[in-house]
Amino acid sequence: MDVSLLLDGLNDEQRNAVAAPPSSMLVLAGAGSGKTRVLVHRLAWLMQVEQCSPYSLLAVTFTNKAAAEMRGRVDKLLNGRQQGMWIGTFHGIAHRLLRAHHLDAGLPAEFQIIDSDDQLRLLKRLIKAMNLDEKQWPAKQAMWYIGGKKDEGLRPEHLQAYDPIERNWIKIYQAYQESCDRAGLVDFGELLLRSHELWLHKPHILAHYQDRFSNILVDEFQDTNNIQYAWLRMLTGDRGNLMIVGDDDQSIYGWRGAQVANIQRFLTDFDGAKTIKLEQNYRSSSNILNAANALIVNNSERMGKELWTEDNEGDPISLYASFNEVDEARFVVGRIKEWQDQGGSLSDCAILYRSNAQSRVVEDALLQEQLAYRIYGGHRFFDRLEIKDAMAYMRLKNNRDDDAAFERIVNKPTRGIGDRALSLLRDASREQGSTLWQAATYLLDNNLIAGRAASSIRKFVELITALDNDVAELALHEQIDHVVLYSGLKSMYQLEKGEKAQSRIENLEELVSAARGFKIPDDSEEMTELSAFLAFAVLESAEGQADEFDDAVQLMTLHSAKGLEFPVVFMIGVEEGMFPSQQSTEESGRMEEERRLCYVGITRAMKKLYISYAESRRLYGKEMNHRPSRFIREIPEKYIEEIRLKTQIRQPTQFGRFSAGSEKMSFESTGYQLGQRVLHAKFGEGIVMNYEGSGPQCRIQIEFDQLGSKWLVVSYARLQAL
DNA sequence: ACATTCAGATAGAAG
DNA sequence: ATCTGAATGT
């Protein structure tokens with residue numbers, strides 16, 4: 001292959017990064033500056049020019065999507081799969097290490113990863129079992145405490161209690177850890193901590209990997225936390241080369257322990273590491289880019305970097321003040337339809353919001369107009385109740401000691417194991433320090449329980465054993481099919497009524513086909529197909545399977561939009577209290593992170609950016625009036641164009657960016673307000689969108705839910721305010 | 001033991 | 001508004 005191809009089309013800085021001799025370096029890469037390209041070309045360069053074996057390369061990312069993309073692009077650039085190269089997420093790679101060395105890591109061969117939902121349930125049980133007041137010791141907070149300590153590399157025995165409260169958290173941490181260890185359960189933080197400890201305690205294993213990975217590349221380095229940093233530091237050792245790519249302005253995961261300061265730490269620890277800045281943006285038109293730059297200078301803690309582009313001005317940013325969230329959604333959908341009418345494709349459009357809960361209203365509006373959409377993140381397939389139930393059976397089949405799975409399905413469907421029987425099991429397991437399954441078999445074998453409870457529990461134990469036996473010779477998807485059927489799960493859901501039940505059955509069937517389509521990854525050495533599938537469900541369920549190539553509007557949170565780009569971007573709900581979020585205004589130091597999040601949002605847009613906010617919004621069942629976000633004010637007016645209602649009656653000056661009510665005064669004499677919901681005897685419910693004139697002759701425009709928009713004369717319409 | 005009803009918490013992001 | 005766990009009824 002012609003090596004010069006690897007540098008073709010790169011700018012000077014990009015070339016410097018790609019073609020540097022193997023060494024440690026920092027690439028400060030602004031949004032849209034081609035950092036993935038640099039990473040991909042760097043990997044190729046190391047193999048082609050520096051003659052590094054793929055076996056010696058490790059590339060670490062945060063999301064599965066980023067890992068998959070990098071892998072795909074490297075393979076494409078080099079015309080074929082590069083065997084032996086490790087590309088994956090921190091969690092994925094840690095998992096792989098633990099599987100390969102589970103004995104040295106002190107884990108059973110069939111250890112299972114649990115997600116935060118399982119973790120929370122476990123903690124709830126535990127806190128209850130410790131006779132602690134759940135109000136005073138919320139499981140959520142325990143989870144947060146434990147996660148935080150694991151991020152810092154701390155075990156309960158490392159912790160010193162300075163007050164009785166902390167002392168109790170440590171006790172909970174300890175009990176939780178013991179119960180996980182007994183059951184062979186590993187939470188997300190544990191994956192990282194344990195693989196770090198593996199190296200710490202087994203120097204020969206560390207030496208092996210240090211020896212192997214002479215070049216390590218890390219993407220989105222600003223998102224690394226303490227344990228990840230320590231992990232990388234240890235692996236790199238004195239011989240390896242660590243290339244980190246990141247952007248301090250896009251650090252948006254501080255809340256889960258990410259330390260931007262790790263970039264500085266890297267520069268100190270890796271003395272002599274070169275810094276390369278990528279500041280040319282290839283993504284956005286200059287209006288959008290300038291707006292982003294203007295916003296981010298309001299942050300004080302920056303490394304200093306200003307993006308520039310050769311692109312032309314482009315369209316101004318459109319700002320829309322909506323009456324409420326429904327109006328906002330309708331506006332967005334209307335613009336998307338226009339885009340589509342002009343020949344644009346739906347998949348060019350992304351709707352970005354601060355929190356997942358905001359997607360609902362938008363979905364409704366899209367559904368109404370029959371526009372296809374796809375949601376990233378949020379409720380994932382493998383998070384669904386029925387799927388988790390089915391998977392819990394599989395987990396128990398795989399590992400009888402999996403208490404989280406046991407608790408979940410002992411009595412699902414109900415089989416006579418109620419509070420009474422269950423507390424017998426829990427007590428026994430607590431007394432003996434055993435798992436629930438062990439407790440159950442122990443009690444049965446020694447005839448320590450009798451009556452109804454005993455026979456119910458016996459039946460359950462026999463059921464699981466039978467399922468395991470029945471399924472021994474079957475393919476994975478047949479196993480799941482069998483288990484779902486014979487466990488009684490399926491009929492349980494079939495007996496439920498309503499649309500929900502129907503979709504639950506469909507999801508269970510979908511699970512079977514997901515299993516049928518599951519290919520065991522070639523990096524899962526020594527794993528059974530089931531173990532790999534179970535791990536996949538926890539670790540990689542995020543990226544949806546179907547619809548990926550359909551032409552659909554993309555819906556996602558601002559967080560999950562990082563790393564992506566779209567020709568048309570809508571940022572919705574840009575209001576004080578939403579974005580920046582309420583919590584961030586209260587916690588110190590979080591505001592700058594919110595601003596970075598806004599920066600991330602703006603810089604996703606290539607050609608057109610819409611920002612909208614609602615003057616009134618229904619939140620937690622209450623009507624709220626928010627002010628426009630401070631971030632809007634921080635964007636210079638010259639980059640912004642305000643959008644008004646279709647028929648312009650109002651004076652532009654009256655409809656200023658931050659006016660909230662003055663223009664409504666004369667109109668209010670009619671008794672109605674813009675954005676108000678009204679009921680019409682014939683046309684049904686609608687929203688007041690616009691008005692003309694005043695007094696009894698006043699005509700108002702109403703957007704009816706079913707019939708679309710109509711102009712009506714107030715005095716004849718006999719509207720009922722809602 | 002199970003089904004139904006009720007009250008109260010809860011809406012911040014991802015692996 | 002929606003979901004969860006507890007209280008209540010059968």
Side-chain angles (χ1 to χ4, degrees), chain A residues 60-67 88-95 113-121 124-125 128 134-135 138-140 144 147 150-151 186-192 220 223-225 228 251-258 325 352-361 376-380 382-383 385 411-422 451-453 456 492 495-496 500 535-543 556-563 573 577-587 590 593-594 596-597 600-601 617-624:
Chain A
V60 194
T61 64
F62 276 87
T63 65
N64 294 301
K65 200 198 278 170
T89 63
F90 277 102
H91 292 91
I93 288 166
H95 174 233
I113 308 166
I114 52 171
D115 61 18
S116 23
D117 186 61
D118 291 326
Q119 194 182 9
L120 196 66
R121 286 162 172 269
K124 270 189 190 153
R125 280 259 85 84
K128 219 179 267 179
E134 293 152 83
K135 297 258 158 49
K140 268 254 175 73
W144 196 80
K150 288 190 176 181
D151 277 356
V186 172
D187 62 44
F188 288 131
E190 184 76 14
L191 284 171
L192 301 169
E220 308 278 19
D223 292 336
T224 52
N225 62 22
Q228 287 160 338
S251 160
I252 54 175
Y253 286 105
W255 51 274
R256 66 175 203 213
E325 73 275 16
L352 310 182
Y353 35 79
R354 179 65 236 266
S355 69
N356 276 314
Q358 288 171 261
S359 72
R360 259 194 132 97
V361 187
Y376 286 79
H379 289 222
R380 304 177 295 185
F382 283 94
D383 288 343
L385 205 75
N411 205 29
K412 212 170 195 181
T414 50
R415 44 175 75 89
I417 305 178
D419 289 344
R420 186 72 192 286
L422 206 47
R452 236 161 246 303
S456 302
M492 177 185 95
L495 284 177
E496 271 183 22
K500 267 227 176 86
F536 167 83
V538 188
L539 238 34
E540 293 174 55
S541 64
E543 274 56 65
M556 67 195 81
T557 63
L558 286 150
H559 280 87
S560 45
K562 182 151 70 92
M578 300 288 291
F579 188 27
S581 71
Q582 196 54 51
Q583 292 91 320
S584 68
T585 42
E586 287 152 11
E587 291 169 49
R590 288 281 173 251
E593 181 157 312
E594 292 287 301
R596 291 193 290 267
L597 189 55
V600 167
R617 175 182 298 274
R618 178 157 280 195
L619 212 56
Y620 325 136
K622 269 211 182 76
E623 209 69 43
M624 300 286 287

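The model shown is predicted, which means the values in this text are computed figures rather than measured ones. Lettering of chains follows the sequences in order, A, B, ..., and the numbering in each one begins at 1.
- Summarising the geometry, the separation between CG on A/Asp419 and C1' on C/dG5 is reported as 11 Å, rounded to the nearest angstrom.
- The interatomic distance linking A/Leu619 (CG) with B/dA11 (P) rounds to 12 Å, in whole Å.
- Side-chain proximity of A/Thr557 to C/dT4, B/dA14, B/dC2: nearest is B/dA14.
- Of all nucleotides listed (B/dG15, B/dA11, B/dA14), B/dA14 comes nearest to the side chain of A/Asn356.
- Nucleic acid contact class of A/Lys562 (heavy atoms, under 4.0 Å, all strands): none.
- Where A/Glu593 and A/Gly418 meet DNA chain B, the nucleotide closest to each residue was compared, and A/Gly418 sits on the side nearer the 5' end.
- For A/Tyr253, counting side-chain heavy atoms from C-beta on, the closest listed nucleotide (B/dG15, B/dG12, B/dA14) is B/dA14.
- At the phosphate of C/dG5, OP1 or OP2 sits under 4.0 Å from a side-chain N or O atom of A/Lys124.
- Straight-line distance from the OH atom of A/Tyr376 to the P atom of B/dG15: 13 Å, rounded to whole Å.
- The residue A/Ser560 sits close only to the backbone: its heavy atoms come under 4.0 Å of sugar-phosphate atoms, none of a base.
- Screening A/Lys562, A/Arg256, A/Arg596 against A/Asp223 for a salt bridge (Lys or Arg N to Asp or Glu O under 4.0 Å) leaves a single residue, A/Lys562.
- Of the candidates B/dA14, B/dG12, B/dA3, the closest approach to any side-chain atom of A/Thr414 belongs to B/dA3.
- Atom NE2 in A/His559 sits about 12 Å away from atom P in B/dG15, given to the nearest Å.
- A salt bridge does not link A/Arg618 to A/Glu325: none of the charged nitrogens lies less than 4.0 Å from a carboxylate oxygen.
- A/Gln228 comes within contact range of no nucleotide atom at all, as no heavy-atom separation falls under 4.0 Å.
- Within the 3.5 Å criterion, the main-chain N or O of A/Lys124 finds no donor-acceptor partner in the side chain of A/Glu134.
- Stacking annotation: A/Trp255 is stacked on the base of B/dA13 (ring centroids less than 5.5 angstrom apart, interplanar angle below 30 degrees).
- Of the candidate nucleotides B/dG15, B/dC2, B/dG12, B/dG15 has the atom lying nearest to any side-chain atom of A/Thr89.
- Taking atom C1' in both B/dG12 and C/dG5, the straight-line distance is 23 Å, to the nearest Å.
- Of the candidates B/dG12, B/dG15, C/dA6, B/dG12 carries the atom nearest the A/Gln583 side chain, counting heavy atoms from C-beta on.
- Put simply, A/Lys622 has no side-chain N or O that comes within less than 4.0 Å of OP1 or OP2 on B/dA11.
- The distance from atom NZ of A/Lys150 to atom C1' of B/dA14 is 17 Å, rounded to the nearest whole Å.
- Between the C1' atom of B/dT10 and the CG atom of A/Leu120 lies a distance of 13 Å, rounded to the nearest Å.
- Side chain A/Arg354 to base B/dA13: a donor-acceptor pair is found below 3.5 Å.
- Checking C/dA1, B/dA11, B/dG12 against every side-chain atom of A/Arg618, the shortest atom distance belongs to C/dA1.
- When distances are taken from the side chain of A/Ser581 to each of B/dA13, B/dG12, C/dT2, the shortest belongs to B/dG12.
- Atom CE in A/Met492 sits about 13 Å away from atom C1' in B/dC2, given to the nearest Å.
- Which of B/dA1, B/dG12, C/dA6 sits closest to the side chain of A/Arg420 comes down to B/dA1.
- Of the possible donor and acceptor atoms, one in the side chain of A/Asn411 sits under 3.5 Å from a partner among the backbone N and O of A/Ile417.
- A/Asp115 comes within 4.0 angstrom of nothing in the nucleic acid, heavy atoms only.
- Not a single donor-acceptor pair, N or O on each side, falls under 3.5 Å between the base of B/dA13 and the side chain of A/Arg256.
- Across A/Gln228 and A/Thr224, no two heavy atoms sit closer than the pair OE1-CA, 3.2 Å.
- Remark: A/Arg415 is not in phosphate contact with B/dC2, judged by side-chain N or O atoms under 4.0 Å from OP1 or OP2.
- Look at CD on A/Glu190: it is 15 Å from C1' on B/dG15, rounded to the nearest Å.
- Taking NE2 of A/His91 as the start and OG1 of A/Thr61 as the end, the distance is 11.5 Å to the nearest 0.5 Å.
- The side chain to side chain contact (heavy atoms under 4.5 Å, CB included) test with A/Ile113 is passed by exactly one of A/Asp187, A/Asp118, A/Leu539: A/Leu539.
- For A/Asn64 and B/dA14, the shortest distance from a side-chain N or O to OP1 or OP2 is not below 4.0 Å.
- Distances from the side chain of A/Glu594 to the nucleotides C/dA6, B/dG12, B/dG15 place B/dG12 closest.
- In this structure, A/Lys135 and A/Ile252 both approach DNA chain B, and ranking their closest nucleotides by distance from the 5' end singles out A/Lys135.
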